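Note sheet for the following structure.
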Amino acid sequence: MWEEMQAPVTRKDFQEWAEAEYRLYENIRQTDGTVMTCTRHDLLPDVCALFAGSPENLRETMDLCGLYDKKLGEFRYINQKMASVVEGLSGRELWDRSKQGPNLLQLVTSYAKNAVRQGYEVYPYAKGYDELERTVRTGLNAMTAYAGVLAARGEEDAVQDLRDLALSMQSFWQDPLYDVYEKAGARMERQYTEKFDRAVAAARESGQPPAFGAEKARAILRGLSVHAEEEAVGNGNLYSVWWCSRLAKRIWEEYPSVKTAFHGGFTIDTSERYTKFGSTDSGHLSTDRLLGQEVLVFNSPVPEEAVPEGWHCYHLAGQDIARVDQLLREVPAEGYVGTVLSPCALLSDGEQSCRINRSFSVYYGETPLSEYCERNHLPEPDMSGIFPEQQAKTMEMGGMSCG
């Protein structure tokens, strides 16, 4: 909800905004006519973080400018930007940079932790989530050591896979506050990346792996378990489960005694290739955009005789379906990850392959064939060779095909 107030804003009005349950944004028109947007973000049920800037451009303009304690009815660490448009703030509520130091985020975090010690209750879900987050963080720290082990062995592809997964997990489990205060979030990500890359560089240079044993292996498996369950149960992201399972398998083969540490509310998937994607029947088609065309995606090759008349069949190659780098006419001998059907040609006559650089959406949504054709202004093709259940419908339509 957007509201606009005229500066100078009274303490009472600003306090009412900070206490409101659903009014997250407030525009304050200053005396020179410019508008400052204020944003509220809950740290605790009784403690709100306050920001100034435009929510449409968080990365560039959001600025953490203080917090408000609803339990005491007091502001804390309000900086000069906010103080300049709000009347009636007491001196002890303002942020004295010379006395309190330059890191306002650190002050806010410290205040929130102290508030909990003084009896402020965290959201019920937050207690359990904090424990899960600590488990993942411990696992992420151990993953930097394991990266050094892989680097010392010269397993560069495995290092890159581990790095990609670690950064994905680091971002997923980052403090929600950083969704708003993105500068601090970027700094945390940079610090972890630098730590990971230093471990890899040191192992490459010396040829010696860092200390790594069963306890660190167990920490990684526990972190992977938490992440896989959160992705499977919370997001239905089975690709992420497969990604975690592949790393877990590598680790438990080296440290069999810790294998049981990888478990949770998900089905372990250690298949060589991720296959839980793709069109399953004419009512459940996986689609994605490729080279400007919305294509149908399959997890295995489509028989040549089953390709609808006038349509084109191509194959995808790469590390996995989410990291594809090549489109080919023929099924590749190595690196096959999927197949696409397109109503339009994607390769020129005589062209056998082309380089692409993209990630396919491997777990988001499905669409019926009729909707796909209507969306792309196509007659519905005969796909009974792929989906036998469509045979009756095709006959009913008089065998109409796309040509």
Side-chain angles (χ1 to χ4, degrees), residues 135-173 189-228 231 237-263 268-275 316-326 332-338 355-360 362:
T135 300
V136 173
R137 293 290 171 200
T138 301
L140 284 170
N141 287 334
M143 286 166 79
T144 64
Y146 190 59
V149 171
L150 296 174
R153 296 177 189 163
E155 299 183 43
E156 295 301 323
D157 288 344
V159 170
Q160 187 58 53
D161 284 347
L162 178 62
R163 188 179 191 275
D164 291 344
L165 177 55
L167 293 183
S168 175
M169 291 172 62
Q170 196 278 334
S171 176
F172 186 96
W173 291 92
E189 181 177 347
R190 184 172 62 252
Q191 289 174 352
Y192 180 78
T193 302
E194 290 173 351
K195 178 181 179 181
F196 188 102
D197 291 344
R198 281 196 303 271
V200 170
R204 283 175 181 156
E205 183 176 349
S206 67
Q208 298 297 317
F212 189 87
E215 282 308 305
K216 287 186 178 180
R218 182 180 287 105
I220 293 176
L221 293 188
R222 286 174 174 169
L224 292 174
S225 298
V226 170
H227 184 66
E231 285 278 42
N237 185 355
L238 299 183
Y239 172 78
S240 216
V241 175
W242 174 80
W243 205 2
C244 291
S245 299
R246 295 289 292 159
L247 175 59
K249 180 183 178 183
R250 172 186 284 273
I251 292 174
W252 81 50
E253 286 180 345
E254 297 178 25
Y255 298 90
S257 64
V258 303
K259 181 177 181 178
T260 56
F262 186 65
H263 68 276
I268 297 174
D269 180 3
T270 59
S271 58
E272 287 298 316
R273 186 173 65 85
Y274 181 66
T275 59
L316 304 166
Q319 277 187 290
D320 54 64
I321 189 63
R323 293 175 286 182
V324 173
D325 57 23
Q326 199 167 21
E334 295 181 356
Y336 171 83
V337 294
R355 302 290 295 181
I356 56 177
N357 182 20
R358 64 149 303 136
S359 297
F360 277 77
V362 294

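These numbers come from a predicted model, not from an experiment.
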Within the 4.5 Å heavy-atom criterion, are [X] and [Y] side-chain neighbours or not?
X	Y	value
Leu140	Phe196	no
Leu238	Asp269	no
Val149	Arg153	yes
Trp243	Ser168	yes
Asp197	Arg163	yes
Glu254	Arg250	yes

To the nearest 0.5 Å, what is the distance between [atom1] ([X]) and [atom2] ([Y])?
X	Y	atom1	atom2	answer
Glu231	Met169	CD	CE	9.5 Å
Leu165	Met143	CG	CE	4.5 Å
Ile356	Gln326	CD1	CD	8.5 Å
Ser245	Trp252	OG	CH2	6.5 Å
Lys249	Ile268	NZ	CD1	11.5 Å
Leu162	Thr144	CG	OG1	9.0 Å

Open item on the list: For a side chain to side chain contact (heavy atoms under 4.5 Å, CB included) check, start with the C-alpha distance between Arg198 and Glu194, then their side-chain angles and the critical distance, and finish with the verdict.
Closed with: CA-CA 6 Å; Arg198 281 196 303 271; Glu194 290 173 351; 3.6 Å; yes
Open item on the list: Would you say that more than 12 heavy atoms from the other residues, nucleotides or ligands in this model lie under 6.0 Å from the CD of Glu205, or not?
Closed with: no
Open item on the list: What I want to find out is whether Arg323 reaches Asp164 closely enough, with some N-O distance under 4.0 Å, to be called a salt bridge.
Closed with: yes
Task: Basic-acidic side-chain contact under 4.0 Å: Glu253, Lys259 - done: no
Open item on the list: Parallel, tilted or perpendicular: which one describes the rings of Tyr274 and Trp242, with boundaries at 30° and 60°?
Closed with: tilted
Open item on the list: Pair Asp320, Tyr239 - check side chain to side chain contact (heavy atoms under 4.5 Å, CB included), show working.
Closed with: CA-CA 10 Å; Asp320 54 64; Tyr239 172 78; 2.8 Å; yes
Which atoms form the tightest heavy-atom contact between [X] and [Y], and what is the distance?
X	Y	value
Gly148	Ala203	O-CB, 3.1 Å
Lys216	Ala145	NZ-CB, 4.1 Å
Ala152	Gln208	CB-C, 3.9 Å
Val324	Phe360	CG2-CD1, 3.8 Å
Val258	Leu221	O-CD1, 3.1 Å

Is a side-chain N or O of [X] found less than 3.5 angstrom from the main chain of [Y], in a donor-acceptor match?
X	Y	answer
Arg204	Ala151	no
Ser225	Ala261	yes
Ser240	Ala228	no

TODO: Kindly state each residue pair satisfying ring pair (Phe, Tyr, Trp, His ring centres under 6.0 Å) with at least one member in residues 139-162, sequence neighbours excluded.
DONE: Tyr146-Phe212
Open item on the list: Quick test of your reading: applying salt bridge (charged side-chain N to carboxylate O under 4.0 Å, His left out), list the pairs with at least one residue in residues 217-227, sequence neighbours left out, ordered by first then second residue.
Closed with: Glu215-Arg218
- [ ] May I have the step-by-step check of side chain to side chain contact (heavy atoms under 4.5 Å, CB included) for Leu167 and Thr193, ending in yes or no?
- [x] CA-CA 7 Å; Leu167 293 183; Thr193 302; 3.3 Å; yes
